[in-house]
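Note on naming: letters A, B, ... go to the chains in the order of the sequence lines (proteins, then strands), and numbering restarts at 1 for each one.
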Amino acid sequence: KQEVTQIPAALSVPEGENLVLNCSFTDSAIYNLQWFRQDPGKGLTSLLLIQSSQREQTSGRLNASLDKSSGRSTLYIAASQPGDSATYLCAVSSGTSYGKLTFGQGTILTVHP
Amino acid sequence: DAGITQSPRHKVTETGTPVTLRCHQTENHRYMYWYRQDPGHGLRLIHYSYGVKDTDKGEVSDGYSVSRSKTEDFLLTLESATSSQTSVYFCAIRPGQNTEAFFGQGTRLTVV
């Protein structure tokens, strides 16, 4: 059974700092990995999707990497801003798929001015 | 935002009553999913659909049923609501199984 772990569970940083969020998964036979952002009381917003054949994806100040063989992904956020404060979730599609996602518990990020 | 509408957005119901949540999409995507989100458990898959009338169980399907009679609508039914089904329910859609997933805004359900 696929299990996804996110470290750290919570992170507080000053504005302007570069930071890294970590995601690990137990079964490396994944189809893809997706990073989401969730604001309090809101739905999930897709940030980046990395296919199993890719090593990284970039969108603006965000860069996600994937090392499938070691079961790890990182989300790098450059020049953090208070507006980046949210919960960040990673999720993998694996197994019999049909696009089903297995989620980590998330990292709660606080960026203070 | 992806064209996903969940209704109702909030509901309070009594134990033992039936409840139906609706997910409506305007994207004509093939795949639709129901997840629940609970503190300490994260998001877990309840049921999913890979086409009209094609549905299957997820990780936490006990006490839930689904139906998809049209591409755009995926209904989640709690036949007899219990307090353990108090949760936030999210609908998600994907055009293909290896494409980006998009989520609705969620339905907060409280069973008293």
Side-chain angles (χ1 to χ4, degrees), chain A residues 1-7 9-10 21 23-27 29-54 57 59 62 64 66 68 86-108, chain B residues 1-7 9-10 21 23 25 27 29-51 54-61 66 68 74 87-109:
Chain A
K1 177 187 171 187
Q2 179 74 268
E3 292 182 1
V4 180
T5 303
Q6 291 187 245
I7 294 173
L21 307 181
C23 173
S24 62
F25 43 95
T26 55
D27 182 355
I30 66 169
Y31 296 99
N32 53 63
L33 182 146
Q34 195 166 352
W35 283 94
F36 296 89
R37 168 189 172 133
Q38 185 176 29
D39 294 292
K42 304 292 186 183
L44 281 68
T45 300
S46 177
L47 298 174
L48 291 163
L49 171 72
I50 311 178
Q51 299 293 350
S52 61
S53 58
Q54 297 176 315
Q57 282 279 13
S59 177
L62 306 179
L66 175 64
K68 200 175 78 161
T87 297
Y88 290 80
L89 297 159
C90 76
V92 299
S93 286
S94 59
T96 55
S97 195
Y98 288 101
K100 297 176 289 182
L101 291 170
T102 302
F103 281 86
Q105 299 256 1
T107 293
I108 302 170
Chain B
D1 286 349
I4 309 170
T5 303
Q6 291 187 231
S7 58
R9 294 292 314 281
H10 302 272
L21 309 183
C23 178
Q25 61 148 328
E27 308 295 324
H29 287 348
R30 178 181 176 188
Y31 296 88
M32 299 185 76
Y33 311 84
W34 279 107
Y35 292 87
R36 60 179 287 176
Q37 185 175 36
D38 304 287
H41 291 279
L43 281 116
R44 294 176 291 174
L45 180 67
I46 307 171
H47 279 279
Y48 64 99
S49 171
Y50 46 95
D54 292 322
T55 65
D56 206 348
K57 298 177 180 179
E59 178 187 1
V60 289
S61 59
V66 291
R68 191 170 179 200
F74 192 32
S87 186
V88 181
Y89 292 85
F90 287 101
C91 174
I93 63 175
R94 297 179 99 140
Q97 57 183 318
N98 290 328
T99 59
E100 196 171 7
F102 299 98
F103 280 72
Q105 290 300 300
T107 294
R108 182 172 295 276
L109 176 68

Test salt bridge (charged side-chain N to carboxylate O under 4.0 Å, His left out) applied to B:R94 - qualifying residues, sequence neighbours left out: none
Region of A:L48 in contact with chain B, defined by heavy-atom distances below 4.5 Å: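 Neither part; nothing is under 4.5 Å.
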Measuring from atom CG of B:L45 to atom CG of A:L101, what distance do you get when rounded to the nearest 0.5 angstrom? 8.5 Å
Interface residue of largest heavy-atom contact number with chain B, from A:S46, A:G99, A:G106, A:G43, under 4.5 Å: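 Ranked by contacts with chain B, first place is A:G99.
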Would you mind telling me which of A:Q51, A:K100, A:K42 has the largest number of heavy-atom pairs within less than 4.5 Å of chain B? A:K100
With chain A, which of B:H41, B:R108, B:R44 has the greatest number of heavy-atom pairs at distances under 4.5 Å? B:H41
From the list B:G106, B:G104, B:A101, B:G42, the residue making the most non-hydrogen contacts under 4.5 Å with chain A is B:A101
Centroid-centroid under 6.0 Å between A:Y98 and B:Y33 rings: no
Exercise: identify the closest heavy-atom pair between A:L49 and B:N98: CD2-O, 4.0 Å
Do the rings of A:F36 and B:F103 sit parallel, tilted or perpendicular, given the 30° and 60° boundaries?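 Ring orientation of A:F36 relative to B:F103: perpendicular.
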Counterpart residues, side chain to side chain donor-acceptor pair (under 3.5 Å), relative to B:Q37 (two or more places apart):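 Testing B:Q37 for side chain to side chain donor-acceptor pair (under 3.5 Å), a comparison that skips the adjacent residues, returns A:Q38.
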Given salt bridge (charged side-chain N to carboxylate O under 4.0 Å, His left out), test B:E59 with A:K1 step by step and report yes or no. CA-CA 11 Å; B:E59 178 187 1; A:K1 177 187 171 187; 3.7 Å; yes
Would you mind checking which part of B:T99 comes under 4.5 Å of any heavy atom in chain A, side chain (CB onward), backbone (N, CA, C, O), both or neither? backbone
Is a side-chain donor or acceptor of A:Q105 paired with a backbone partner of B:G40 at a separation under 3.5 angstrom? yes
